[in-house]
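Here the structure is laid out as structure tokens; the discussion comes afterwards.
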Amino acid sequence: MEMEIRSALTALQGQGKLADGLDMTRLTVEPPRDASHGDMATNAAMVLAKAAQMKPRDLAELLVEEVLKSDLIEAAEIAGPGFVNLQLDKAAWHRLVPHILHSGKAYGDGESGDKVNVEYVSANPTGPMHVGHARGAVVGDVLARLLEKTGSDVAREYYINDAGAQVDVLAQSALLRMREAKGETIGEIPDGLYPGDYLVPVGENLATMDVPKEEAEALTMAKSVALPMMMDMIREDLEALGVVHDFFRSEQALHDDASVDKALDELTSKDLIYQGVLEPPKGKEPPPDWEPSPQTLFKSTEFGDDSDRALKKSDGSWTYFAPDIAYHFDKYQRGYAKMIDVWGADHIGYIKRMQSAVNAITDGEAQLEVKICNLVKLMRGGEPVKMSKRSGSFITLREVVDEVGKDAVRFMMLTRKSDAPLDFDFDLVKDKSRDNPVFYVQYAHARIFSVMKNARELGWQVDDADLATVPLDALEHEAELALVRLLGTYPRMLAAAAQAREPHRVAFYLMDLAAAFHGLWNLGKEELDLRFIQEDDVAGSMARLALIRATALTLRSGFDVIGVTPQDELR
RNA sequence: GGUCCCGUAGCUCAGCCGGAUAGAGCACCGGAUUCCUAAUCCGGGGGUCGGAGGUUCAAAUCCUCCCGGGAUCACCA
């Protein structure tokens with residue numbers, strides 16, 4: 001449609017009615033928010049008026065005259081300050097329905113051609129995942145699906161923090177459980193160790209092995225046993241949520257294969273490393289044990305960070321930042337110039353330094369985007385569910401998935417934009433009502449499925465291939481055309497959501513689409529000729545069935561993007 | 001103090017790469033049951049889009065400042 005407008009403008013220029021060399025970049029051709037303004041609207045006259053030295057309405061009149069020469073455009077009128085509203089020929093909309101029926105789940109597929117690396121979850125391998133992780137997992141997973149849908153080549157990665165002090169704590173906790181498994185009474189788990197029962201099987205495993213007496217060796221062995229078990233547990237939890245990764249990268253491996261040293265060398269060769277002393281943090285009391293000491297620092301201030309950042313501690317050991325740089329450099333060397341990391345809100349302060357590092361080590365060739373997921377507050381009976389890590393009574397991801405199902409968790413996590421806090425209401429997601437968006441959208445799909453079943457029972461041929469050939473002249477009611485128009489915006493919505501890295505838009509679209517369908521359904525109660533199945537009007541029925549089947553396919557396509565399984569029945 | 005996010009109807013929030021009268025759900029009031037059933041829909045009331053400037057033909061949307069709420073500011077991960 002944009003082509004129609006642009007060619008009309010070019011034609012006007014050809015006729016000498018419009019100045020040449022106008023800046024068209026701000027020109028838009030879009031469906032207006034208010035459907036009463038027509039199918040499409042363009043701001044061309046207003047955007048171009050000044051440069052063309054014409055009044056917007058005069059220019060608009062010329063444009064209307066020109067654009068009406070197109071077959072696709074039924075009517076065009078000038079409105080407001082100079083909008084040109086276009087009404088498309090009904091046939092233009094009708095063409096969309098068979099297109100969707102032919103495309104099926106592939107409807108909305110794009111061809112961006114980007115190559116993107118998405119890193120998400122990356123929870124520490126020291127215990128089961130809790131609900132906070134679930135949001136990042138869903139947002140990352142759906143973002144990856146969305147990017148794939150719009151034509152990107154996507155790698156999904158998980159960075160395993162298996163090298164820090166927390167892993168030593170894990171190993172110590174596991175050794176304690178080993179003693180317990182051997183019959184020793186261990187009493188309360190001491191502060192500072194992980195108290196969770198999930199370490200009992202790790203201890204039992206260790207109890208069957210020949211663990212060295214010497215402490216350092218015992219810890220090494222405990223790590224080698226505990227880490228894979230923790231990762232298996234995490235992978236199972238993720239799988240229960242329908243979340244997968246293609247690639248797991250170990251922090252320890254980055255140390256072992258000297259990737260961290262190489263990253264430091266790389267930055268050193270760019271003269272971005274020095275020995276220096278950092279200022280204590282401003283605006284609040286310095287930590288009690290603060291004392292200035294020389295460390296190996298990275299000049300992240302040269303890339304917009306507020307302070308230079310430590311790569312090595314004063315004792316010469318690596319900080320967490322260093323292997324993280326090595327990891328991102330590793331991604332770049334594997335061919336990813338576009339990286340997206342999905343992080344929790346507690347890492348906001350870490351964004352700039354990581355972006356600085358990526359920028360520095362790749363000479364600006366690679367770009368890191370960070371998607372922040374804010375907190376999830378679990379609600380039950382109108383009250384927040386108390387979560388106390390100390391008592392070990394925090395709610396795990398697995399418990400939530402087991403209680404309400406993966407589809408509900410996934411959908412609910414997308415009912416807010418990711419950087420805003422989210423309430424997750426247990427009562428709501430189990431409710432069968434309009435308030436529960438998961439139910440509401442599934443219900444629309446199930447209703448359509450049921451109608452199609454009824455049509456088959458009448459002996460009608462309603463496979464997609466049959467419906468795709470049906471004449472659609474009967475679709476002329478405003479509510480029907482509104483549904484078609486909404487179906488038509490699906491590919492555009494996907495592309496915009498992918499570009500903005502906002503997976504929640506897909507969920508919102510599905511709710512809109514479900515609402516449009518439910519509305520049409522109920523109209524059929526009052527206006528009998530809008531009922532989908534009318535035995536005395538087979539031709540019209542087939543047209544309406546084609547429409548709602550296209551709706552179901554679009555719902556399925558959207559469900560596929562957000563990783564929710566469509567339900568055929570909700571009874 | 002720095003950085004980032006948020007402030008839109010009584011409540012919970014969409015909309016924000018500028019566009020026409022600012023939307024939805026809940027709650028409130030009034031209606032509608034032969035297809036999946038009122039598990040849904042339709043209509044109604046309800047708004048200084050935190051405030052003040054600026055840019056623009058046009059600002060909830062972009063820029064600046066201010067107010068309020070939150071997160072974060074390690075040699076932790």
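Quantities reported herein were computed from a predicted structural model and do not represent experimental measurements. So you know, we letter chains A, B, ... as the sequences are listed, proteins then strands, and number each from 1. In what follows, every heavy atom counts, from backbone to side chain, and hydrogens, waters and symmetry copies are set aside.
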Quick one: do the [X] and [Y] side chains pair a donor with an acceptor below 3.5 Å?
X	Y	value
A/Asn43	A/Thr28	yes
A/Asp256	A/Gln252	yes
A/Glu157	A/Tyr327	yes

- Message: Under 4.0 Å between a side-chain nitrogen and a carboxylate oxygen: does that hold for A/Arg353 and A/Asp324?
- Response: no
- Query: Hey, is A/Lys371 close enough to A/Glu119 for a salt bridge, meaning N to O under 4.0 Å?
  - Reply: no
Using a cut-off of 4.0 Å on non-hydrogen atoms, how would the nucleic acid contact of [X] be classed: base, sugar-phosphate, or nothing?
X	value
A/Leu297	nothing
A/Thr319	sugar-phosphate
A/Asn436	nothing
A/Phe508	sugar-phosphate
A/Asn43	base
A/Leu278	sugar-phosphate
A/Ala310	sugar-phosphate
A/Asp568	base

Output the rounded distance in Å from [atom1] ([X]) to [atom2] ([N]).
X	N	atom1	atom2	answer
A/Met412	B/rA14	CE	P	12 Å
A/Trp460	B/rC35	CH2	P	15 Å
A/Arg416	B/rU8	CZ	C1'	14 Å
A/Asp425	B/rC26	CG	P	15 Å
A/Met413	B/rC13	CE	P	15 Å
A/Gln534	B/rU34	CD	C1'	13 Å
A/Ile348	B/rC4	CD1	P	10 Å
A/Asp419	B/rG69	CG	P	20 Å

Please tell me if the side chains of [X] and [Y] come closer than 4.5 Å, counting only heavy atoms from C-beta onward.
X	Y	result
A/Thr415	A/His504	no
A/Phe83	A/Ile78	no
A/Leu414	A/Phe508	no

- Take A/Asn374 and A/Asp423, find for each the nucleotide of RNA chain B with the closest heavy atom, and name the residue whose nucleotide sits nearer the 5' end. A/Asn374
- Note on the structure: Closest to the 5' end of RNA chain B, once A/Trp521 and A/Leu528 are matched to their nearest nucleotides, is A/Leu528
If you restrict it to nitrogen or oxygen atoms, what contacts under 3.5 Å exist between nucleotides 15-17 of chain B and the protein, and what is each distance?
from   : atom 1 : to       : atom 2 : distance (Å)
B/rG15 : OP1    : A/His504 : NE2    : 3.2
B/rC16 : N4     : A/Lys417 : NZ     : 3.2

Separation between the [atom1] atoms of [N] and [M], rounded to whole Å:
N	M	atom1	answer
B/rA14	B/rG68	C1'	22 Å
B/rG1	B/rC62	C1'	28 Å
B/rC6	B/rG15	P	10 Å
B/rA59	B/rG70	P	33 Å
B/rC16	B/rA38	C1'	37 Å
B/rU55	B/rG18	C1'	11 Å
B/rU72	B/rC28	C1'	41 Å
B/rC29	B/rU61	P	36 Å

- For A/Phe83 and B/rA20, do the ring centres fall under 5.5 Å apart while the planes stay under 30° apart? yes
Collect all protein-nucleotide pairs involving nucleotides 41-44 of chain B in which both atoms are nitrogen or oxygen and the distance is under 3.5 Å.
from   : atom 1 : to       : atom 2 : distance (Å)
B/rC41 : OP1    : A/Arg434 : NE     : 3.3
B/rC41 : OP1    : A/Tyr440 : OH     : 2.3
B/rC41 : OP2    : A/Arg434 : NE     : 3.4
B/rC41 : O4'    : A/Asn522 : ND2    : 2.8

- Query: Counting heavy atoms not belonging to A/Glu527, are there more than 12 under 6.0 Å from its CD?
  - Reply: yes
- Task: For atom CD of A/Gln53, decide whether the heavy atoms of other residues, nucleotides or ligands shown that lie under 6.0 angstrom number more than 12.
- Result: no
Distances under 3.5 Å only, N/O to N/O: pair up the protein atoms with those of nucleotides 54-59 of chain B.
from   : atom 1 : to      : atom 2 : distance (Å)
B/rC57 : OP1    : A/Lys50 : NZ     : 2.4
B/rA58 : N6     : A/Arg26 : NH1    : 3.3

- Could I get the full list of salt bridge (Lys or Arg N to Asp or Glu O under 4.0 Å) partners for A/Arg416, not counting sequence neighbours? none
- Item | Parallel, tilted or perpendicular: ring planes of A/His130 versus A/His133, cut at 30 and 60 degrees | tilted
- Message: Tell me whether the side-chain N/O atoms of A/Lys453 come closer than 4.0 Å to OP1 or OP2 in B/rC35.
- Response: no
- Message: Please convert RNA chain B into dot-bracket. A pair counts if it is Watson-Crick or G-U wobble with both distances under 3.5 Å; crossing pairs go in [ ] and bases paired with another strand get |.
- Response: (((((((..((((.....[...)))).(((((.......))))).....(((((..]....))))))))))))....
- Sequence neighbours excluded, which residues qualify as side chain to side chain donor-acceptor pair (under 3.5 Å) partners of A/Ser314? none
- Message: Taking donor-acceptor contacts at under 3.5 Å, does the side chain of A/Ser314 reach the base of B/rC75?
- Response: yes
- Query: Does A/Arg249 count as lying over the ring of A/Tyr159, i.e. NZ or CZ under 6.0 Å from the six-ring centre, within 45 degrees of the axis?
  - Reply: no
